[in-house]
Amino acid sequence: MSAPTRTMRAALVTAYEGPAALVVREVGEPEHDADAVRISVHAAGITFPDLLATRGLYQVKPPLPFAPGLEVAGIVLDAPDGSAFAPGDRVAAFLTFGGLAEVVSVDPAHVVPLPDEVGFVDGAALVVNHLTAHFALTKRGELRPGQTVLVHGAAGGLGTASVQVARACGAEVIAVASSDVKARLARDCGAHEVVSPGGFLDAVRRLTGGRGVDIVVDPVGGDRVTDSLRALAPEGRLLVLGFASGEIASVRTNRLLLGNSGVLGVAWAEYVRLRPAYFAEQWADLLPRIVSGQLQPMVRTTYPLAEAADALRAIETRTAIGKLVIDLT
């Protein structure tokens with residue numbers, strides 16, 4: 001007689017109708033897999049792709065019902081023989097959704113050790129945004145010390161991470177923030193200057209003596225794109241990380257020609273799925289700065305699993321300040 005299936009709580013998308021269709025249910029735990037690491041989840045980060053997934057708008061579209069959640073931190077329950085992990089290890093992990101659950105099963109290549117100095121909430125919050133910012137700025141943008149970076153949406157999870165990573169790489173950072181509260185958060189992350197969305201182009205020209213910035217980090221899109229291109233210095237790069245505004249803008253390519261500038265797409269998750277080893281390489285590169293506190297997610301609000309829909313609504317309405325995390329302890 002087989003043993004009964006153990007159950008767990010999970011927040012499930014039951015229809016492609018946005019956060020309102022997210023419900024918490026008891027479901028079966030993922031079974032032991034000899035090729036995977038099973039993790040007892042203590043915290044799970046909330047990201048913009050999670051919101052897109054609730055409406056069926058993300059490029060990965062799991063069958064309904066499914067749990068969103070791309071990043072978790074917790075304790076290893078079991079791991080493959082010969083892997084770098086053992087039961088009881090503290091870890092962080094990247095998933096192709098499924099993170100808003102009490103237990104997850106993950107490819108060992110997408111699991112990394114979590115030092116004792118880093119709590120589970122911060123560990124979960126670091127994975128997607130900080131590694132995306134690192135990939136965007138160093139791999140795609142080829143950022144060099146002394147260059148100037150403009151960060152849109154600088155008070156969101158990805159924006160705060162981009163400000164921190166750019167500052168850690170030796171850049172001068174100009175943050176774009178839409179309120180005094182968001183501006184203070186951007187400065188807390190290390191921004192040298194903060195400007196408002198309205199008139200950011202004139203502010204950039206004034207702050208750079210008319211030269212412009214070397215890199216624009218843009219997770220917002222929409223009507224900011226044209227002025228972002230105008231804000232670039234010669235040979236500058238506009239990094240496209242998302243479309244939080246809900247609008248995908250068109251680019252006039254003559255401006256790229258005249259400035260020898262470039263528009264570069266940034267899809268960290270897709271890059272990691274094609275090159276699994278890159279995830280651990282990035283983590284190892286950033287870990288000393290994480291342990292020292294130089295890179296620290298700006299978690300301003302945590303939610304219990306039962307209120308995961310509220311966290312997604314905060315992202316949808318653009319009222320979220322800093323990084324949002326679900327605490328499952």
Does any part of the side chain of [Y], heavy atoms only, come nearer than 4.5 Å to the side chain of [X], both counted from C-beta?
X    : Y    : answer
V240 : V263 : yes
L77  : S40  : yes
L22  : P68  : yes
D327 : Y303 : no
L256 : L229 : yes

Closest approach of [X] to [Y] (non-hydrogen atoms, all atoms of both residues):
X    : Y    : value
V195 : A203 : CG1-CB, 3.5 Å
L295 : A168 : CD2-CB, 4.2 Å
L70  : P49  : CD1-CB, 3.8 Å
T14  : A21  : OG1-O, 2.7 Å
V299 : A125 : CG2-CB, 3.9 Å
A136 : L241 : CB-CD2, 4.2 Å

- Query: Quick one: do R275 and E281 make a salt bridge, cutoff under 4.0 Å?
  - Reply: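 The answer is no: the pair does not qualify as a salt bridge.
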- Using the ring pair (Phe, Tyr, Trp, His ring centres under 6.0 Å) rule, collect all pairs that involve residues 306-329, keeping only residues at least two apart or in two chains.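 Checked against ring pair (Phe, Tyr, Trp, His ring centres under 6.0 Å) - neighbours excluded - no pair reaches residues 306-329.
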For [X] and [Y], indicate whether the former's side chain and the latter's backbone hold a donor-acceptor pair under 3.5 Å.
X    : Y    : result
H192 : E172 : no
D227 : R230 : no
R90  : P115 : yes
S83  : A79  : no
D89  : V91  : no

- Which of these passes side chain to side chain contact (heavy atoms under 4.5 Å, CB included) with T301: I46, L324, V325?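 In the set I46, L324, V325, the residue that makes a side chain to side chain contact (heavy atoms under 4.5 Å, CB included) with T301 is L324.
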- Message: Does either side chain, that of T47 or that of D50, offer a donor lying less than 3.5 Å from an acceptor on the other one?
- Response: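 A donor-acceptor contact under 3.5 Å links the two side chains.
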- Side-chain donor-acceptor pair under 3.5 Å between S261 and R237, yes or no?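 Note: S261 and R237 side chains miss the donor-acceptor criterion.
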Going from [atom1] on [X] to [atom2] on [Y], what distance comes out if it is rounded to the nearest 0.5 angstrom?
X    : Y    : atom1 : atom2 : value
S228 : I215 : OG    : CD1   : 13.0 Å
E71  : H130 : CD    : NE2   : 10.5 Å
E316 : T54  : CD    : OG1   : 6.5 Å
K182 : T160 : NZ    : OG1   : 11.5 Å

Are more than 12 heavy atoms from other residues, nucleotides or ligands located less than 6.0 Å from atom [atom1] of [X]?
X    : atom1 : answer
E235 : CD    : no
N254 : CG    : yes
E142 : CD    : no
E26  : CD    : yes

- Query: How far apart are the C-alpha atoms of R273 and E270, what are their side-chain angles, what is the distance that settles it, and do they pass the salt bridge (charged side-chain N to carboxylate O under 4.0 Å, His left out) test?
  - Reply: CA-CA 5 Å; R273 289 184 184 113; E270 294 306 311; 2.6 Å; yes
- Residue that, paired with R38, satisfies side chain to side chain donor-acceptor pair (under 3.5 Å) out of E31, E29, H32: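 Result: among E31, E29, H32, E29 is the only option passing the side chain to side chain donor-acceptor pair (under 3.5 Å) with R38.
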- Message: Angle between ring planes, F279 versus F94, binned at 30° and 60°: parallel, tilted or perpendicular?
- Response: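 Tilted, since the angle between the ring planes falls between 30° and 60°.
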- Message: Angle between ring planes, F200 versus H152, binned at 30° and 60°: parallel, tilted or perpendicular?
- Response: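 Taking H152 first and then F200, their aromatic rings stand perpendicular (interplane angle over 60°).
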- Go through E307 and R313 one step at a time and tell me if the salt bridge (charged side-chain N to carboxylate O under 4.0 Å, His left out) criterion holds. CA-CA 10 Å; E307 297 175 11; R313 286 190 195 95; over 6 Å; no
- Query: Can you hop from L286 to Y271 via hydrophobic side chains spaced under 4.5 Å?
  - Reply: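 Both belong to a single hydrophobic cluster.
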- Message: Determine whether the aromatic ring centres of residues W283 and Y278 are separated by less than 6.0 angstrom.
- Response: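 No, they do not, as the ring centres are separated by 6.0 Å or more.
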- Cation-pi, F66 ring and K61 (6.0 angstrom, 45 degrees):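 K61 over F66 ring: no.
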- Task: Take I174 and V213 through the test side chain to side chain contact (heavy atoms under 4.5 Å, CB included) and record every step on the way to the result.
- Result: CA-CA 9 Å; I174 303 172; V213 297; 4.2 Å; yes
